[in-house]
Amino acid sequence: MQTVDWSILNAEAGPLYIAKTEKGLCYVGSPGQSFKDLDAWRQKRFPTAKLAENPEALRPYIQELHEYFKGVRQTFSFTTDVKGTPFQQEIWAALKQIPYGTTCSYSDIAQLIQRPAAVRAVGTAIGANPVLITVPCHRVIGKNGAISGYRGGLEMKQYLLQLEANYRGGRPS
């Protein structure tokens, strides 16, 4: 039986459940979520796996995420294990191309994947991103510059955008 290891990341934005498989990080939750939310996600994405609290197994991921929150890290070295449709996978790969400290619009992502009419579908795929922060969906904003739609909540999205703006270039600005 497959195991999904989990722990809690005590982040500046609030405690976040995180989880990994043997292939990599598979989940970064939202502030205010409970263990019940993590288990419901696991049942959907890894239905035959069991959850096991394992802070030691998550230590490298927690370390890099803490470095990100301190403005020391702009990219992550670990692998992810995200399950989704081919379209979702394509969108999540496109999100990883958005540079630290910059933003783009949902229509920019649709253009990037050469499907300019798929803006709504792009938004839906972004909303299904299971690994917040590491697949930087927070860097996608409305075409008019409005901050909208984030599984972690708009307050967290604003926090992450401000954090990256402050540390663009590796130092406080």
Side-chain angles (χ1 to χ4, degrees), residues 1-69 73 75-98 100 104 106 109-110 112-113 115 118-141 147-157 159-161:
M1 173 181 276
Q2 182 181 22
T3 299
V4 174
D5 295 313
W6 69 273
S7 188
I8 295 176
L9 165 68
N10 289 308
E12 289 77 353
L16 305 172
Y17 281 89
I18 64 170
K20 72 166 239 10
T21 66
E22 68 281 350
K23 293 180 183 175
L25 189 70
C26 60
Y27 182 79
V28 176
S30 304
Q33 285 188 314
S34 68
F35 180 80
K36 222 178 196 179
D37 297 314
L38 171 65
D39 193 41
W41 167 85
R42 190 260 328 145
Q43 288 174 30
K44 213 187 263 185
R45 297 296 184 186
F46 296 93
T48 61
K50 67 175 180 127
L51 283 172
E53 185 174 12
N54 190 344
E56 187 58 36
L58 276 295
R59 186 178 311 278
Y61 304 93
I62 289 171
Q63 175 67 34
E64 287 196 22
L65 284 160
H66 277 302
E67 290 170 1
Y68 168 84
F69 283 116
R73 176 174 292 278
T75 60
F76 299 97
S77 67
F78 50 76
T79 58
T80 57
D81 183 11
V82 290
K83 294 187 180 288
T85 66
F87 182 76
Q88 288 172 328
Q89 296 282 351
E90 185 177 14
I91 298 304
W92 300 336
L95 295 176
K96 289 182 177 182
Q97 296 177 41
I98 306 169
Y100 180 95
C104 68
Y106 295 92
I109 297 295
L112 183 65
I113 64 162
R115 297 182 195 188
V119 176
R120 284 188 182 272
V122 165
T124 300
I126 289 171
N129 172 19
V131 284
L132 298 182
I133 304 163
T134 60
V135 173
C137 55
H138 61 276
R139 296 178 188 154
V140 182
I141 60 174
I147 295 175
S148 63
Y150 188 63
R151 180 171 60 86
L154 295 183
E155 189 175 305
M156 183 176 176
K157 185 171 186 168
Y159 170 80
L160 295 171
L161 291 172

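Numbering of residues begins at 1 and proceeds along the displayed sequence.
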(Q) Would you say CD of E155 has more than 12 non-hydrogen atoms from neighbouring residues, nucleotides or ligands within 6.0 angstrom? (A) no
**Q.** Passing candidate, side chain to side chain contact (heavy atoms under 4.5 Å, CB included) with V135, options L95, I98, V28
**A.** L95
Q) Do you know which two heavy atoms are closest between T3 and E22, and how far apart they sit? A) O-OE1, 4.4 Å
Q: Can you label the angle between the F76 ring and the Y68 ring as parallel, tilted or perpendicular, going by 30° and 60°?
A: tilted
Q | Residue pair Q88 / K83, side-chain heavy-atom distance below 4.5 Å | A | no
Q: Measure across L16 and P31 and return the closest heavy-atom pair with its distance rounded to 0.1 Å.
A: CD2-N, 3.4 Å
Q) What distance separates Y150 OH from L161 CG, expressed to the nearest 0.5 Å? A) 8.5 Å
(Q) Could you check whether S77 and E64, counting side-chain N and O atoms only, form a donor-acceptor pair closer than 3.5 Å? (A) yes
Q: Give the minimum heavy-atom separation between Y61 and G24, together with the two atoms involved.
A: OH-CA, 3.7 Å
Q. Do the non-hydrogen side-chain atoms of R151 and N129 ever get within less than 4.5 Å of each other?
A. no
Q: May I ask you to test the S148-Y106 pair for a side-chain heavy-atom distance under 4.5 Å?
A: yes
Q. What is the distance from atom CG of L65 to atom CG of N10, rounded to the nearest 0.5 Å?
A. 12.0 Å
**Q.** Distance in Å, I133 CD1 paired with L160 CG, rounded so as to fall on 0.5 Å steps
**A.** 5.0 Å
Q) Measuring from L58:CG to Y17:OH, what's the distance to the nearest 0.5 Å? A) 12.5 Å
Q | Atom pair CG (L25) and CD1 (I62), whose distance is rounded to the nearest 0.5 Å | A | 10.0 Å
Q) Do K36 and D39 meet the salt-bridge criterion of a basic N to acidic O distance under 4.0 Å? A) no
Q.
I need the T79 OG1 to K20 NZ distance, nearest 0.5 Å.
A. 8.5 Å
Q | Between Y27 and W6, ring centroids under 6.0 Å | A | no
(Q) Can you give me the closest heavy-atom contact between T48 and M1, atom names plus distance? (A) O-CG, 3.3 Å
